[in-house]
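First comes the structure, then the notes that go with it.
Proteins come first, then strands; the chains are lettered A, B, ... in the order of their sequence lines, and each starts at number 1.
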Amino acid sequence: MNNFLYDIYPILPEIFILSNVCILLVYGVLFSSSIKLGYPLLAQNLGLLSCQILGCSFIITYYQTFLNLSSWSDFFINDIFTFKTKCLIFLMCLGWILITFSYINYERINSFEYWILILLAIVAILFIIQSYDLLTMYLSIEFQSLIFYILASFKRTSEFSTEAGLKYFVLGAFSSGLLLFGSSLIYGLTGLTNFLDLAKFFTGMPMLELSSWIGLTTGFTLILVSLLFKLSAAPFHMWAPDVYEGSPTSITLFFSIMPKLAILSLLLKLLILSFHDFITFWRIIILICIIFSIMIGTLSAFSQIKWKRFIAYSSISHVGFFLLAILSGNLEGISSSIFYVIIYVITMLGIFSFILTLRFYNYSYHYQTRYLQDLISLSRFNPALAISLTLFLFSMAGIPPLGGFFAKLFVLLSVLQTKSFGISIFVVLMSCISCFYYIKLIKSMYFSSINEWKVLYPINKLNSLLLGFSLLFISFIFYDIELLSILSTLMSFSFLN
Amino acid sequence: MKLIFTEYSAILIFFAISSLLSSVIFLLSYFLIPQKPDQEKVSAYECGFNPFDDARATFDIRFYLVAILFLIFDLEISFLFPWSLVLGEISIIGFWSMIVFLVILTIGFIYEWYKGALEWE
């Protein structure tokens, strides 16, 4: 009985959310299909309820007495890293929820299943973070991906959305197949599935000259390729711009922030824990991915004319940065990659709250901005929005004293410790090139003029809350950078072995 | 290590023979027959008359839905079979785990019932 309680304790937040999902699903379907009540639309209702659920589960997770153990017979792990990452996921989702309320109202997404799917996606991501076995990794990634496929095609009347969902489904299913093939190869050749067991098995690997080395590296490459695909690292990034463009904008934000932290934690466990002795093999792959990601992400953003594709490409280049931090292989590398991810998430929250706020009013209907052209002379329509976008773009370009600069600085410091000057110079050059189109946007806001005066729809209160919060966070008004760096260093201690 | 792979040679031979056979069956008919493509040969057959109407109807999505629901509940049943055999050995914890599984699937069933997926017009 004691063992069972030790198993249940770490996944109490997930159990809480899952039981609430069951109750909400039954409540939603019974009430929204009752003819007596007139088929009420329960989307707003369930939205507020799920916000409450996530807040309560954050409190549950944060105030759990920390236990460092592996539960469910080594399928799940709970160390300081997973503990803090779970709290971070809840905070990010609560920030995300602030934006979706207004988006749902404006775009008339009236089905209550939206919120059920979001809660289930959060549960899936929590399972990914805690997974410690090849089986659990595959199951939780499938769980999360299936929910994301549905969410990408949520707006059934929009062709963009269904196209995005279909593309994501086909490509994502293919990459899950690769993941399974890789893990079955590794299981077939070693007989082990647990990450820690694999780490112990592979100690001293390069010296051993095993004849199954080719099989092991093939399996490992397939798993790595699949995870890099989910992370939208180039050269596996083809799905990202189309899926980001077609999905409803709040779902695009959900796609760009949630899987990054989850898959990054999985990648850290695989690369630094299990396959650490393959480092002479995987650092070549990761290096190629970094070069491609940063190059493709930076150069493709030049020709973009739509907002969401632009952000998709810039997030591909950000992924290159966190892979660069992992490549250095030392402890500062891990903590700087976690730090970078957190700053990236807050920047994305800010930029998307800006996009979702920028709505143009054209008597009796208002539409969301879609093209980068819509920014022209924004400083005259709404100077506050213009300044906020300026600061977010400067942070993404890496200009001090904003958050993005410190994130890139810490990554480059950890890389330079291993004396890899070539890649550092390349990365800095590409950052300079990316500065160009960020500054082009700022120039079109401040220095271009437009003939007709566009009327902006007034900002929603929750949107302004998120916009202000992320802006203040990025510009370090409250010395939050030190808190973050302490947090990320603390989280990296669990990889000390 | 070489000992492990000797059984795979049977699979390799099987694979080679099957691909050879299928390509022979497929390609032989392409190379050996006289080909005279004609418009009349590919048109629809309606007892010698010209086709009155397009033979295709819109695919009813209800069939797909029934197939997917069958798949889900069939897998649920296939999990129930081994559980019922070993229920004596896994005592109370095994019982309640299966009940949790069945409750989750029942909630899904309630959802699809009230959404109208079981309405056959």
- [ ] May I ask you to name which of A/Ser32, A/Gly28, A/Ser34, A/Cys22 has the most heavy-atom pairs under 4.5 Å with chain B?
- [x] A/Cys22
Open item on the list: Is it the case that over 12 heavy atoms from other parts of the model lie below 6.0 angstrom from the OH atom of B/Tyr114?
Closed with: no
Task: Residue among A/Val29, A/Leu30, A/Leu18, A/Leu25 with most heavy-atom pairs under 4.5 Å to chain B - done: A/Val29
Task: Neighbour count above 12 (heavy atom, 6.0 Å) for A/Phe169 CZ - done: no
Open item on the list: Before you tell me yes or no, could you show the steps for B/Tyr111 and A/Val26 under side chain to side chain contact (heavy atoms under 4.5 Å, CB included), namely the whole-Å CA-CA distance, both residues' side-chain angles and the distance that decides it to 0.1 Å?
Closed with: CA-CA 7 Å; B/Tyr111 177 77; A/Val26 174; over 6 Å; no
TODO: Check whether more than 12 heavy atoms from other residues, nucleotides or ligands sit under 6.0 Å from atom CZ of A/Phe16, and answer yes or no.
DONE: yes
Task: B/Gln35, CD atom: more than 12 neighbouring heavy atoms under 6.0 Å - done: yes
